[in-house]
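Worksheet for the structure shown next.
We count ligands from 1, going down the list as the structure has it; atoms in each ligand are counted the same way. Computation of the quantities below employed the complete heavy-atom set of this structure, encompassing side-chain atoms and omitting hydrogens, waters and symmetry-equivalent molecules. Predicted model, so just to flag it, every value in this text is computed and none were measured.
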Amino acid sequence: MADLIEEINKLQPGMVAVLGIPYDGGATFLAGQAQAPVRIRESLYSDSTNLSAENGMDLSAHTGWKDIGDLAISSDKAAFGEIEKALGQLMERDCRAAVLGGDHSITYPILRACAGKYPQLSLLQLDAHADLYDEFAGKRFSHASPFARIMEQGLVKQLVQVGIRTQTPHLRAQAENFGVQVIEMREWDPAVEIELGEYVYLSLDMDVLDPAYAPGVSHHEPGGMTTREIIKLIQGLKGTLIGADIVEYNPDKDVVGITAMAAAKLLKEIIARMMAT
Ligand code: MN
Ligand code: MN
């Protein structure tokens with residue numbers, strides 16, 4: 001942690017920091033997401049492609065971002081505190097965070113840190129699942145509940161969920177109680193404009209993609225988005241993107257690294273979008 005804090009303090013204010021959070025203690029069905037950051041980086045830096053984003057930004061030559069490596073998590077018990085501390089340091093430094101998870105439970109401690117800096121935050125969640133369970137399998141802090149914790153604590157001004165296709169009566173009731181705006185996959189239209197505030201955080205669960213595009217996830221949910229639809233959504237985001245996470249990639253379920261490459265592609269577009277404003 002001390003090494004990472006030192007690394008963060010070397011960043012210039014306004015820079016985008018890519019940070020890996022190799023944590024899957026919040027998985028309830030199939031872990032493996034802790035191996036994601038190293039595999040996504042292999043694809044990101046692979047000679048099979050380049051570091052150009054579609055807007056023409058050459059990330060290999062751009063000094064506006066830096067990969068600061070992985071957060072060293074000392075134990076499951078300490079994980080959330082360590083995540084919040086690292087992200088808090090990035091926010092204090094006035095940097096933007098592009099986080100590679102990890103299972104989706106990490107979004108709660110990340111948002112605790114971001115909300116300290118941006119109390120009027122709009123949170124956009126792309127996911128096949130609402131992750132709004134009050135508790136799931138007896139747990140309140142797993143990958144299935146981060147957005148319930150975030151909304152209970154009033155950490156964001158607005159939560160918009162896109163791509164959801166596994167609703168239950170409990171999840172619908174939770175969304176209604178918390179005032180969550182849900183754009184379910186069955187009503188999703190790429191032309192729809194998502195209304196967000198000035199400061200935006202994007203939480204991208206890889207299972208929002210159709211399993212045909214991203215088989216490397218723990219919970220396959222057919223009928224999802226194409227990679228192109230997500231890219232367009234990132235490129236068209238309004239406001240200031242202050243942070244983002246790409247979570248739930250599970251290399252154990254991947255096929256020829258296709259999901260790692262999709263995550264790396266989306267990361268490039270997120271970095272470029274962050275540096276464009
Ligand atoms: Mn999901
Ligand atoms: Mn999720």
Practice task
Please work out which of the three classes, parallel, tilted or perpendicular, describes the rings of Y108 and F141, given edges at 30° and 60°.
Solution key: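 F141 vs Y108 ring planes: tilted.
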Check all N, O or S atoms of [X] and name the one closest to the Mn ion (ligand 2).
X	value
D205	OD2
D127	OD2
H104	ND1

Please determine whether the number of non-hydrogen atoms from other residues, nucleotides or ligands lying under 6.0 Å from atom [atom1] of [X] exceeds 12.
X	atom1	value
Y45	OH	yes
K10	NZ	yes
R41	CZ	yes

Exercise for the section: Check whether any N, O or S atom of D131 sits under 2.8 Å from the Mn ion (ligand 1). Expected result: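 Given the 2.8 Å cut-off, D131 does not count as a ligand of the Mn ion (ligand 1).
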Practice task
Could you confirm whether H129 has any N/O/S atom lying under 2.8 Å from the Mn ion (ligand 1)?
Solution key: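 It does: H129 brings an N, O or S atom closer than 2.8 Å to the Mn ion (ligand 1).
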Exercise for the section: Apply the side-chain hydrogen bond (donor to acceptor under 3.5 Å, both in side chains) test between D205 and each candidate in H143, Q125, H104; give the one that qualifies. Expected result: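 Checked H143, Q125, H104 against D205; only one passes side-chain hydrogen bond (donor to acceptor under 3.5 Å, both in side chains): H104.
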